[in-house]
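Following: one structure in C-alpha cells, then a few remarks.
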Amino acid sequence: MVSLIVAFNFVFLNRFLACWIAFFFVAFIPAHAQSKVSIVKNGDQFQLMVNGKPFFINGAGGTQHLAELRDLGGNSIRTWGIESLSEIVNGKPLIDRAQELGLMVTAGIWIQQQRHGFDYDDPKAVESQRDLVRKAVQTYKSHPALLIWGLGNEMEGQTTDGSDVRVWKELNVLAGIIKEEDPNHPVMTVIAGTGGVRIKNVSTYCPNIDILGVNSYASAARAGTTVTQQGWTKPFILTEFGPNGPWEVPKTTWGAPIEANANEKAASYYATQKLVTEDSKNICLGTYAFLWGNKQEATSTWFGMFLKSGERLPQADAMTYAWTGNWPTHRCPKLKSLTTSLTEKQVAPGTAASAAAEVVDPGGAPLQYEWSVVDEARAPGMGGDAEAIPDSHPECITGVHEQTLSFTTPTTTGAYRLFLTIRDGKGGATTANVPFYVQ
C-alpha cells in the first residue's frame with residue numbers, strides 16, 4: 001500500500017509540475033488570436049464549426065510526424081495530457097508547431113484513475129485535480145490551434161463497467177470548470193468502448209460534456225450507432241481506432257496474441273474510417289486513428305503507424321486514401337506472405353529453422369529486409385501504460401538472403417517472436433511477426 005501511495009504521489013507531482021511549467025512557458029510567448037469552436041445542429045445533423053467554418057476531423061492520436069500528417073491529408077491531432085502541448089517539436093512547443101502546419105489540436109487533460117491510486121473520496125486530491133484542470137485551461141484557451149478539450153481518457157477504467165457514479169459526477173464538475181474558464185471550445189470526455197453502463201452514466205451525470213469520445217477497435221465501425229442506441233443524443237468522435245487489440249484477437253496455446261501484419265491492419269483502418277463516418281454521419285464529428293507514431297504495446301508494432309526509425313507503414317497510406325481519395329506518391333511495400341515452420345509452434349532450444357517472405361513494392365523500389373528474434377513482452381501494460389522493450393537475440397540469426405532467413409531458436413525456455421521489417425528506402429515500410437515458444 002505504501003509503495004502504491006508513493007507511486008501515485010510521484011505521478012501526480014510530475015503532472016502538477018508539468019502543468020505549472022507549461023503555464024509559465026506559455027505566459028511569456030506572444031499572444032495568438034483565439035480560435036472559436038462551436039457545434040451546430042441542422043435537423044438531425046451535428047456539425048463542428050471552427051471560426052465559423054465547417055470542420056470535419058481527419059485526425060490521428062500522437063505528437064510525432066506532424067508534417068507528414070498534414071501532407072497525407074490529416075487536419076488534427078489528439079493528445080492525452082496537457083504537458084504534451086509544451087513538448088518541443090522541431091524547435092517549437094507542440095501546439096505552436098501544430099498551428100504552423102495548420103493542424104488543430106484536441107488537447108487532452110489527463111484525469112487521474114483509481115487503478116493508479118486516485119481516491120475520489122479524498123477531498124484534497126479532488127480539489128488539487130480541479131486546480132490543475134483550471135490552470136491547464138487558463139494556459140491554452142486562447143491558442144488558435146485549440147479545437148476541443150479532451151477531459152480524461154478511459155478514467156472509468158478498462159476493466160470496469162463504468163458504474164462508479166463518483167467518477168462521472170466529478171467529471172461533470174471538471175467539465176463545468178472548463179466551461180467557466182473557456183466558453184469558446186467544446187468539452188469531450190473519452191470512454192473505453194461502449195460496454196457496461198458508461199454511456200448511460202455520462203448521459204445521466206455529465207450534462208456539461210458536449211461530445212462523447214469512444215476508444216474502440218474490433219467494434220469501432222459500429223461505435224457511433226451503438227452510442228445512439230444506448231441513449232446518447234449529442235455528437236460523437238471515434239477517438240482511437242486501429243487493428244483489433246491484443247485483448248480481442250486469437251491467442252496461441254501459451255497465451256501470446258496473434259498480430260496481423262501491417263498490410264492487413266491497413267485494410268482495417270480504411271474500412272473503419274469509411275464505415276463509421278458513413279454509418280453515424282449525423283452525429284460523427286470525425287475520427288482519430290491510433291497511433292500516429294510508434295510505441296511498445298504488446299509488441300513494438302501493434303498500434304504504431306510508423307516505425308521507431310521513422311518510416312511510414314501501410315496503415316498511414318490507408319488513412320491517406322480514406323481522407324483524400326488518393327494514395328501517397330510512394331506507397332509502402334506490400335507483404336503478401338510470411339512463412340516459417342515455427343509459426344505458433346512449440347519447439348526445442350537451438351532448433352534450426354527457416355523463414356521466407358513474399359513482398360512487392362508498388363513503385364518497384366529495391367527493398368531492404370531486417371529479420372530479428374525478440375522476446376515476448378513479459379509484463380504487458382494496461383490501458384496503454386508504459387511497457388519495457390523486450391530483448392532481441394541477434395545471435396539467433398545465422399543466414400539472411402533478403403526474402404529468406406536461416407535461424408536457430410534461443411536456448412532459453414520462453415515465448416518469442418520472429419519479426420520481419422521491410423523498408424523501401426523512400427520513407428515507407430511494412431512489418432509482420434510470428435510467435436513461437438521454446439521449451
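For the pair Glu68 and Arg312, the salt-bridge criterion is not met [side-chain N within less than 4.0 Å of a carboxylate O]. Using a cutoff of 4.0 Å between basic side-chain nitrogens and carboxylate oxygens, Glu240 and Arg78 are scored as salt-bridged. Taking a cutoff of 4.0 Å between a charged side-chain nitrogen and a carboxylate oxygen, Asp361 and Lys334 do not qualify as a salt bridge. Between Glu170 and Arg130, at least one side-chain nitrogen of the basic residue sits less than 4.0 Å from a carboxylate oxygen of the acidic one, meeting the salt-bridge criterion.
Annotation for Leu69 and Ala60: closest pair CD1-CB, 4.1 Å, computed over non-hydrogen atoms.
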I would like to know whether Leu72 and Trp292 meet side-chain contact (heavy atoms from CB on, under 4.5 Å); could you show each step before the answer? CA-CA 12 Å; Leu72 294 173; Trp292 199 260; 3.8 Å; yes
Any chance you could lay out the ring pair (Phe, Tyr, Trp, His ring centres under 6.0 Å) test for His393 and Tyr416, step after step, and finish with the verdict? CA-CA 10 Å; His393 298 274; Tyr416 300 89; 5.5 Å; yes
Audit row: Tyr270, Tyr321, ring pair (Phe, Tyr, Trp, His ring centres under 6.0 Å) steps and yes/no: CA-CA 8 Å; Tyr270 178 81; Tyr321 190 67; 5.6 Å; yes
Assess the residue pair Phe303 and Phe241 against the criterion (ring pair (Phe, Tyr, Trp, His ring centres under 6.0 Å)); give the C-alpha distance rounded to whole Å, side-chain angles, the decisive distance to 0.1 Å, and a yes or no. CA-CA 9 Å; Phe303 291 109; Phe241 71 99; over 10 Å; no
Please report the C-alpha distance between Asn263 and Thr430 in whole Å, then the side-chain angles of each, then the deciding distance to 0.1 Å, and finally whether the side chain to side chain donor-acceptor pair (under 3.5 Å) criterion is met. CA-CA 7 Å; Asn263 296 96; Thr430 193; 2.9 Å; yes
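Taking the six-membered ring for Trp and thresholds of 30 and 60 degrees, Tyr437 and Trp254 have ring planes inclined between 30 and 60 degrees apart. Ring geometry, His185 versus Trp149: the interplanar angle exceeds 60°, so the pair is classed perpendicular (tilted spans 30 to 60°).
Applying salt bridge (charged side-chain N to carboxylate O under 4.0 Å, His left out) to Glu156 and the options Arg166, Arg115, Arg198 leaves one that passes, Arg198.
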